[in-house]
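Heads up: the structure comes next, in structure tokens.
The first residue of the sequence shown is numbered 1, and numbering continues consecutively from there. Any value given below was found using the heavy atoms of this structure, including those in side chains, with hydrogens, waters and symmetry copies removed. Note that ligands are numbered from 1 as they come in the structure, with each ligand's atoms numbered from 1 the same way. Since this is a predicted model, take the numbers as computed values, not measurements.
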Amino acid sequence: MPELSFAQETPTEVAADVLAVFATGEEGSAKPGRDAAAVGAALQIDLAGELSGIGYEGGLGKVARIPTRGTATAPLLLVVGLGKAEDVTCETLRRAAGAAARNATKDATLAIVVPGDLPAQCDGDARAEAVAEGAGLGSYAYTTYRSKATDVPSLRELKLLAGEGLSADDVTAGIQRGEILVRATCLARDLVNTPPLDKRPPALADRVATLAGEVGLSVKIHDDAALLEGGFGGILGVGQGSSEPPRLVELTYEPSEAAGSPNGHVVLVGKGITFDSGGLSLKPSTSMNTMKSDMSGAAAVIGAMSALGELGITVKVTGLLALAENMPSGEAIRVSDVLTHRGGKTVEVMNTDAEGRLVLADALAYGAESTPDAMIDIATLTGAQIVSLGYKIAGLMGNDEALIDQVRAAAEAAGEQVWHLPLPEEYADHLRSEVADYKNIGKPMQAGTLIGGLYLRNFVGDTPWAHLDIAGPAFSEEGDGWYTAKGATGMGVRTLVRLLQARSS
Ligand code: BES
Ligand code: MN
Ligand code: ZN
């Protein structure tokens with residue numbers, strides 16, 4: 001990720017390769033904002049005239065490239081559309097800043113003037129944070145496995161300048177928080193983008209333990225022997241077809257300020273299937289193309305937890321990452337095998353590809369044993385989530401309206417979209433088995449996402465609980481042209497962080 005800083009120089013003097021300013025107004029009638037016009041004046045160009053001369057129409061994220069011809073240190077000026085000024089929110093700013101980053105030359109230093117003249121929907125430090133977040137995330141590229149890093153929009157440095165009326169303190173504070181969120185999100189993206197051979201459960205557990213140690217989290221790895229001892233039959237069953245055993249990683253964040261943690265205890269549970277082949281209920285080959293992303297929930301939990309110390313969160317947080325590789329083999333669970341979950345409930349596995357709920361049920365049951373104030377799980381759980389809500393909107397379910405509202409508000413603040421779906425009692429009997437307490441699938445083509453949620457609900461007891469199904473939003477095969485590149489999105493990291501921030505104050 002680029003290095004972020006607050007620049008006190010003037011826009012014409014700031015040491016950068018590219019300077020970016022914003023234009024507001026509907027497509028067709030976009031005008032340079034006040035700060036952009038001031039930059040134009042300093043560059044001795046009539047920016048409005050220049051833009052109309054090249055036929056620039058504006059609109060959110062639309063970029064005009066104007067050479068500065070020696071009038072500024074930066075040889076290139078980008079004018080980035082924000083859309084109508086009245087409609088600008090933190091999310092539109094993130095998107096426009098992402099577009100700026102993706103339009104800067106590779107390995108460049110980009111300086112962005114945080115606009116001073118916008119309505120109050122996104123003001124002060126939140127405005128600087130949004131610009132830092134959008135540009136930082138927009139410059140992400142996964143290059144670990146390239147022999148030559150070519151053609152990737154990756155900034156070396158990002159400098160923010162304060163537009164007219166913004167204080168240096170606001171911009172500095174915004175940069176600091178934005179940088180933390182970018183780093184946390186890109187950590188999750190890197191883990192999800194990692195090829196599945198290089199993140200098999202024991203290796204991923206070790207990598208997470210190292211990362212956790214670096215940010216002051218304590219770590220306990222429950223290995224296969226401990227899982228057997230503890231009765232985690234779901235995690236073990238899903239993992240038994242693989243030549244690498246499963247793991248349950250338990251991360252703990254204990255806020256230093258608050259002995260006795262006055263703001264309570266939250267458990268985060270992440271689905272961590274490092275590759276989902278389907279098992280003996282094997283997926284068709286092309287359906288496996290993105291299944292290295294089936295540990296995106298676990299990645300979101302470690303990403304979010306990596307930021308808690310730096311943000312001074314005062315809530316105690318436990319993270320449970322249920323890691324297993326779902327593979328077919330002579331040792332794999334068979335269709336109609338019965339597994340016993342943590343806590344004793346039994347399940348008849350009628351489809352080995354409905355494995356996420358099997359590993360999560362164990363982790364949720366274990367999490368509930370500590371009677372936390374809230375428990376949130378995040379999982380690439382059902383293909384049906386993509387059918388109902390598509391690739392941009394996650395499904396949100398749960399047993400507690402207040403917690404659901406909190407998650408919804410946190411997602412809104414983060415610019416991550418979620419939609420509340422029901423957990424209808426009427427469908428609970430779809431999971432009834434003739435042999436065991438439950439089976440792990442419902443009826444064909446019927447409410448698959450809700451059935452997944454209903455299955456999980458059986459394991460949380462009375463704990464206030466919310467469930468995020470991110471099957472679609474976790475991975476983007478196209479990228480969105482704003483601040484999300486192709487591949488892992490880091491979905492959920494920023495929602496979880498904002499939720500914990502809200503519960504922390
Ligand atoms: N990991 C998949 C869900 C998924 C599908 C995530 C597509 C991302 C993109 C999950 O384990 C799965 O296979 N679910 C099955 C459940 C079914 C067998 C009840 C599904 O959705 O088909
Ligand atoms: Mn599956
Ligand atoms: Zn899966």
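Every atom of ligand 1 is numbered from 1 in the order shown, and the set under 4.0 Å from a heavy atom of Glu355 is 11 (O). Every atom of ligand 1 is numbered from 1 in the order shown, and the set under 4.0 Å from a heavy atom of Lys271 is 1 (N), 10 (C), 11 (O). Against a heavy-atom cut-off of under 4.0 Å, Ile441 is close to the following atoms of ligand 1: 19 (C). Each of the atoms 1 (N), 2 (C), 3 (C), 6 (C) of ligand 1 lies under 4.0 Å from some heavy atom of Thr380. Interface of Ile386 with ligand 1, defined as ligand atoms under 4.0 Å from a residue heavy atom, comprises 7 (C), 9 (C).
Among protein heavy atoms, atom 6 (C) of ligand 1 sits closest to Ala471 CB, 3.6 Å. The shortest contact between atom 17 (C) of ligand 1 and any protein heavy atom is with Ala354 CB, 4.3 Å. Of the protein's non-hydrogen atoms, the one nearest atom 1 (N) of ligand 1 is Asp294 OD1, 2.8 Å.
Residue Asp294: no N/O/S atom is found under 2.8 Å from the Mn ion (ligand 2).
Put simply, the side chain of Val315 does not reach to within 4.5 Å of the side chain of Tyr253, judged on heavy atoms. Side-chain contact between Val182 and Thr185 is absent, with no heavy-atom pair separated by less than 4.5 Å. In this structure, the side chains of Glu3 and Leu155 stay at 4.5 Å or more apart for every pair of heavy atoms. Taking the side chain as every heavy atom from C-beta outward, Ile221 and Val219 approach each other to under 4.5 Å.
Distances from atom 14 (N) of ligand 1 to the protein include at least one heavy-atom value under 4.0 Å.
In this structure, Arg432 forms no cation-pi arrangement with Tyr438, as its terminal cationic atom is not both closer than 6.0 Å to the ring centre and no more than 45° off the ring axis. Relative to the six-membered ring of Phe459, Lys345 meets both conditions, a distance below 6.0 Å and an angle of at most 45° to the axis.
Residue Met291 places a heavy atom under 4.0 Å from ligand 1. The closest approach between any non-hydrogen atom of Leu381 and ligand 1 is below 4.0 Å.
At least one donor-acceptor pair closer than 3.5 Å links the side chain of Thr352 to the backbone N or O of Ser281. Side-chain N or O atoms of Asp294 include none that pairs as donor or acceptor with a backbone N or O of Thr274 at under 3.5 Å. Within the 3.5 Å criterion, the main-chain N or O of Ala108 finds no donor-acceptor partner in the side chain of Thr105.
At least one N or O atom of Lys283 sits closer than 3.5 Å to an N or O atom of ligand 1.
Comparing Asn351, Val238, Asn289, Asp276 against atom 2 (C) of ligand 1, the shortest heavy-atom distance belongs to Asp276. Nearest residue to atom 20 (C) of ligand 1 from Gly472, Ala384, Ser277, Gly383 is Gly383 (criterion: closest heavy atom).
From Gln385, atom CD reaches atom CG of Asp469 across 5.0 Å, with rounding to the nearest 0.5 Å. Between atom CZ of residue Arg146 and atom OG1 of residue Thr143 there is a gap of 8.0 Å, rounded to the nearest 0.5 Å.
Counting only protein atoms, the N, O or S atoms lying less than 2.8 Å from the Zn ion (ligand 3) are Lys271 NZ, Asp276 OD2, Asp294 OD2, Glu355 OE2, ordered by chain and residue number.
Heavy atoms of Asp353 found under 4.0 angstrom from ligand 1 belong to the backbone as well as the side chain.
In this structure, Arg357 has no salt bridge (Lys or Arg N to Asp or Glu O under 4.0 Å) partners at least two apart in sequence or on a different chain. Under the rule for a side-chain hydrogen bond (donor to acceptor under 3.5 Å, both in side chains), the partners of His222 that lie at least two apart in sequence or sit in another chain are Glu250.
Sorted by first and then second residue, the ring-ring contact (aromatic ring centres under 6.0 Å, His included) pairs with a member in residues 387-416 form an empty list; sequence neighbours excluded.
Residue-level check: among N/O/S atoms of Asp276, OD2 sits closest to the Mn ion (ligand 2). The Mn ion (ligand 2) lies closest to atom OE1 when only the N/O/S atoms of Glu355 are considered.
Screening Arg200, Lys292, Arg247 for a salt bridge (charged side-chain N to carboxylate O under 4.0 Å, His left out) involving Glu325 leaves a single residue, Arg200.
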